[in-house]
Amino acid sequence: MQRPEPTMRASKFLIATLKETPSDAEVISHQLMLRAGMIRQSASGLYSWLPLGLRVVRKVEKIIREEMDSVGSQEVLMPSVQPAELWKESGRWEEYGPELLRIKDRHNREFCLGPTHEEVITDIVKKELRSYKQLPVNFYQIQTKFRDEIRPRFGVMRSREFIMKDAYSFHISKSSLQDTYQDMFDAYVKIFDRLGLDYRPVIADNGSIGGSGSHEFHVLASSGEDDIAFSDQSDYAANVESAEALAPTEARAEATQALTMVDTPNAKTIAALVEQFDLPIEKTVKTLFVEAADDSDFEIVALLVRGDHQLNEIKAEHCAQVKEPLTFATPEQLLSNIGASAGSLGPINLKVPVIIDRSVATMSDFSAGANIDDKHYFGINWERDLALPEIADLRNVQEGDPSPCGTGKLSIKRGIEVGHVFQLGLKYSEAMNATVLDENGKSKNMYMGCYGIGVTRIVAASIEQNHDDNGIIWPANLAPFQIALVPLNYDKSTEVRDTTDALYQALTAAGIEVFLDDRKERPGVKFADMELMGMPHRVVISDRGIKAGTFEYKGRCDTEKQDISSTDACQYLVEKIRA
RNA sequence: CGGGGCAUAGCGCAGUUUGGUAGCGCAUCUGGUUUGGGACCAGAGGGUCGUAGGUUCGAAUCCUGCUGCCCCGACCA
């Protein structure tokens with residue numbers, strides 16, 4: 001009889017399972033990936049993929065390839081080491097900062113380890129494409145990226161070296177870019193559906209690159225590093241950093257209190273002020289000072305948000321008067337410009353520009369610092385005590401806020417960013433002079449889009465969503481193997497061995513990826529390992545069962561095992577697996 | 001880069017306070033008994049105690065420098 005191939009046999013496959021949880025793994029996916037023997041760490045943020053883990057990576061890549069190919073994106077492979085010249089041409093050699101790992105070769109020429117590939121692909125496209133007739137085009141690659149993260153963490157979730165699918169599209173017009181952007185968005189939906197993830201596309205910030213459209217795809221998980229705001233009554237979802245906080249609809253109430261200055265020596269924070277003077281927190285205002293834009297006549301600018309609200313730094317940066325990147329004023333700057341210290345700051349008697357949040361504009365009878373140390377004003381009212389300043393959306397949305405889409409209220413959940421689609425526009429094609437001739441024979445910069453998926457991060461994200469006390473629970477499309485055969489007494493019982501091998505052959509012939517646990521281990525050890533590694537289906541073959549004409553079957557999520565007839569087991573299992 | 005913690009056998013840890021030359025559990029190897037949920041008995045191997053220096057008759061232990069890793073804040077797939 002033909003025996004199973006070595007790589008599918010547990011006795012020849014590296015099973016590097018760990019009983020105990022390594023102490024430096026914080027999140028569940030990191031713990032389980034180490035315990036299941038999928039990865040090992042080489043240095044902070046650098047991991048090796050062991051055979052089991054790599055099989056899962058390949059499953060993710062396969063799905064991505066199929067969907068990318070089906071929307072007409074062409075696969076390429078670019079170098080991970082890139083020449084500095086390209087980055088200097090785009091301006092990012094200076095812009096990118098220390099996250100870009102720069103290296104020199106033996107001739108002292110400068111290179112970097114590629115964190116992304118806009119420069120390389122733009123350089124290729126500008127050299128190869130001449131005419132608008134060749135557009136649009138779309139290229140993708142699945143490749144190792146390197147970003148010298150300040151703080152790698154959570155295992156493969158935020159590592160320095162990681163595998164990413166990145167795609168870049170080129171267009172003669174904005175509308176063509178928007179068409180491809182939509183195609184890519186749709187492809188991403190298919191990819192994340194097939195990956196079996198609980199995810200949401202969310203509206204994202206365009207960052208400093210600008211451009212008109214950007215969506216992130218987030219896997220919902222409590223260990224996520226981003227806050228996502230959802231409408232409870234529509235499809236609206238946005239990263240909190242870019243979710244609009246609507247202006248309150250109710251008009252400002254009439255003033256009822258007189259403006260009074262109060263001694264508040266022990267109230268340096270809103271929390272202390274609220275507690276000591278029994279004020280509603282919605283009647284207090286936080287005043288934050290940040291550095292003013294370089295072309296401003298002032299050194300600093302005041303930003304006001306309600307006491308219970310959080311300043312949104314990205315929104316603040318978008319104000320013309322505010323310096324980018326956002327920089328908080330130093331105590332010295334406060335003293336020289338205001339004459340008071342943090343803890344007693346407010347909008348009255350200021351000689352610097354003031355921008356207030358929309359919700360602050362509708363407040364009345366509120367309190368804020370007096371710009372005199374240890375004093376606050378109570379009963380402040382706009383247009384009576386001071387003029388209404390410039391109004392802007394400055395705060396983070398909160399749970400319960402009305403949704404910016406107009407229907408429903410917002411709730412906030414944590415998300416792991418696993419994908420990003422982005423309309424880049426002309427940034428790189430202008431900087432690098434990437435042009436084609438249009439139908440009038442005129443040279444035109446190409447519009448660009450870029451589209452990323454974090455391949456290795458998806459593996460971790462999937463585990464965050466799919467596990468139990470016994471280990472990983474792989475969705476069908478990601479499982480390293482589709483089924484585990486666990487024979488008992490495989491080494492001693494000819495019956496068991498022949499029956500197991502026959503079932504193996506039959507399942508393999510049906511196109512199933514079978515893992516055969518032929519180790520000389522006690523049953524409990526095998527069961528525990530198969531569950532830890534997340535095998536979706538398990539069949540136990542024993543002398544006892546063979547005599548009764550049955551195998552024992554258990555799905556990874558089933559609570560009960562069941563006996564199945566050994567005569568039509570193969571067909572039954574194939575149906576189970578394909579279901 | 002700032003703040004905090006850790007570094008002793010492959011993994012998880014004790015020993016450090018009070019210096020006397022390293023131990024426990026798991027794993028590994030050998031023999032035996034076991035064999036449907038991480039077995040048991042007997043035996044064995046494995047550590048320049050992260051690294052460099054200092055104090056001391058003597059350092060895992062006390063002192064100093066360095067390195068690595070992890071956690072909390074700014075980046076992003």
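Chain naming here is simple, since letters A, B, ... match the order of the sequence lines and numbering starts at 1 in each.
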> How far, in whole Å, is B/C6 from B/A14 if one measures between their C1' atoms?
Replying inline: 15 Å

>> Please tell me if A/Lys19 has a side-chain N or O lying less than 4.0 Å from either OP1 or OP2 of B/A27.
In response: yes

>> Strictly by Watson-Crick or wobble contacts shorter than 3.5 Å, is anything paired with B/A42, and which nucleotide is it?
In response: B/U30

>> What is the separation between atom CG on A/Asn489 and atom C1' on B/G37, rounded to the nearest whole Å?
In response: 16 Å

>> Under 3.5 Å for both donor-acceptor distances, Watson-Crick or wobble: does B/G73 have a partner, and if so which one?
In response: B/C1

>> Counting primed atoms plus P, OP1 and OP2 as sugar-phosphate and everything else as base, spell out the protein contacts along nucleotides 67-77 of chain B at 4.0 Å heavy-atom distance: B, S or - for each nucleotide, 5' to 3'.
In response: --SSBBBBBBB

> Do A/Arg40 side-chain atoms and A/Leu34 backbone N/O form a donor-acceptor pair below 3.5 Å?
Replying inline: yes

>> I need the full list of side chain to side chain donor-acceptor pair (under 3.5 Å) pairs touching residues 14-23 of chain A, with sequence neighbours left out, sorted by first then second residue.
In response: A/Thr17-A/Asp529

> When rounded to the nearest Å, what value does the distance between C1' atoms of B/U33 and B/G50 take?
Replying inline: 43 Å

> So which nucleotide does B/U35 pair with, by the Watson-Crick or G-U wobble rule with both distances under 3.5 Å?
Replying inline: none

>> Distance check, C1' atoms only: B/C41 and B/G46, in whole angstrom units.
In response: 22 Å

>> Counting only Watson-Crick pairs (N1-N3 plus N6-O4 or O6-N4) and G-U wobbles (N1-O2, O6-N3), all under 3.5 Å, who is the partner of B/C66?
In response: B/G50

> Base, sugar-phosphate alone, or nothing: which one does A/Thr21 contact when heavy atoms must sit under 4.0 Å apart?
Replying inline: sugar-phosphate

> Under the 3.5 angstrom rule, does the side chain of A/Tyr168 hit a backbone N or O of A/His117 as a donor-acceptor pair?
Replying inline: yes

>> In this structure, how many angstroms lie between the P atom of B/A27 and the CZ atom of A/Arg519, rounded?
In response: 13 Å

>> What contact category does A/Lys520 fall into here, base, sugar-phosphate, or nothing, at under 4.0 angstrom with non-hydrogen atoms?
In response: nothing

>> Taking ring-ring contact (aromatic ring centres under 6.0 Å, His included) as the definition, give me every residue that meets it alongside A/Trp474, ordered by chain and number, with sequence neighbours left out.
In response: none

> Has A/Arg522 got a side-chain N or O lying under 4.0 Å from the OP1 or OP2 atom of B/U35?
Replying inline: no

> Taking atom C1' in both B/A9 and B/A22, what distance in whole Å separates the two?
Replying inline: 11 Å

> Between the side-chain atoms of A/Glu20 and the base atoms of B/G38, is any donor-acceptor pair under 3.5 Å?
Replying inline: no

>> Applying side chain to side chain donor-acceptor pair (under 3.5 Å), can you list everything that pairs with A/Glu299, at least two apart in sequence or on another chain?
In response: A/Gln333, A/Asn337

> Can you list every pair that meets salt bridge (charged side-chain N to carboxylate O under 4.0 Å, His left out) and has a residue in residues 451-470 of chain A, with sequence neighbours left out?
Replying inline: A/Asp468-A/Arg556

>> Students often get this wrong, so: under 4.0 angstrom with heavy atoms, is A/Arg40 touching a base, only sugar-phosphate, or nothing?
In response: nothing

> Could you give the NZ-to-P distance, from A/Lys526 to B/A39, as a whole number of Å?
Replying inline: 13 Å

> Which one is paired to B/A60, where only Watson-Crick or G-U wobble pairs with both distances under 3.5 angstrom count?
Replying inline: none

> What integer number of Å spans the C1' atoms of B/C69 and B/C11?
Replying inline: 16 Å

>> Going by the rule side chain to side chain donor-acceptor pair (under 3.5 Å), which residues pair with A/Tyr47 if we only count those two or more places apart in sequence or in a different chain?
In response: A/His30, A/Gln41

> Nearest-Å distance, CG (A/Leu18) to C1' (B/C13)?
Replying inline: 15 Å

> Quantified in whole Å, what is the P atom distance between nucleotide B/C66 and nucleotide B/G23?
Replying inline: 34 Å

> Are A/Arg102 and A/Trp93 in a cation-pi contact, defined as NZ or CZ under 6.0 Å from the six-membered ring centre and within 45° of the axis?
Replying inline: yes

>> Counting the atoms with a prime plus P, OP1 and OP2 as sugar-phosphate, which does A/Lys165 contact under 4.0 Å by heavy atoms, base, sugar-phosphate, or nothing?
In response: nothing

>> Can you check the distance between B/G68 and B/C63, where both ends of the measurement are the P atom (answer in whole Å)?
In response: 23 Å

> Does B/C13 pair with anything, Watson-Crick or G-U wobble, both distances under 3.5 Å, and if so, with which nucleotide?
Replying inline: B/G23

> So, A/Lys526 side chain and A/Met530 main chain: donor-acceptor pair closer than 3.5 Å or not?
Replying inline: no

> Between B/G47 and B/G15, how far is it from one C1' atom to the other, in whole Å?
Replying inline: 14 Å

> Below 3.5 Å, does any donor atom in the side chain of A/Glu521 face an acceptor in the base of B/G38, or the other way round?
Replying inline: no

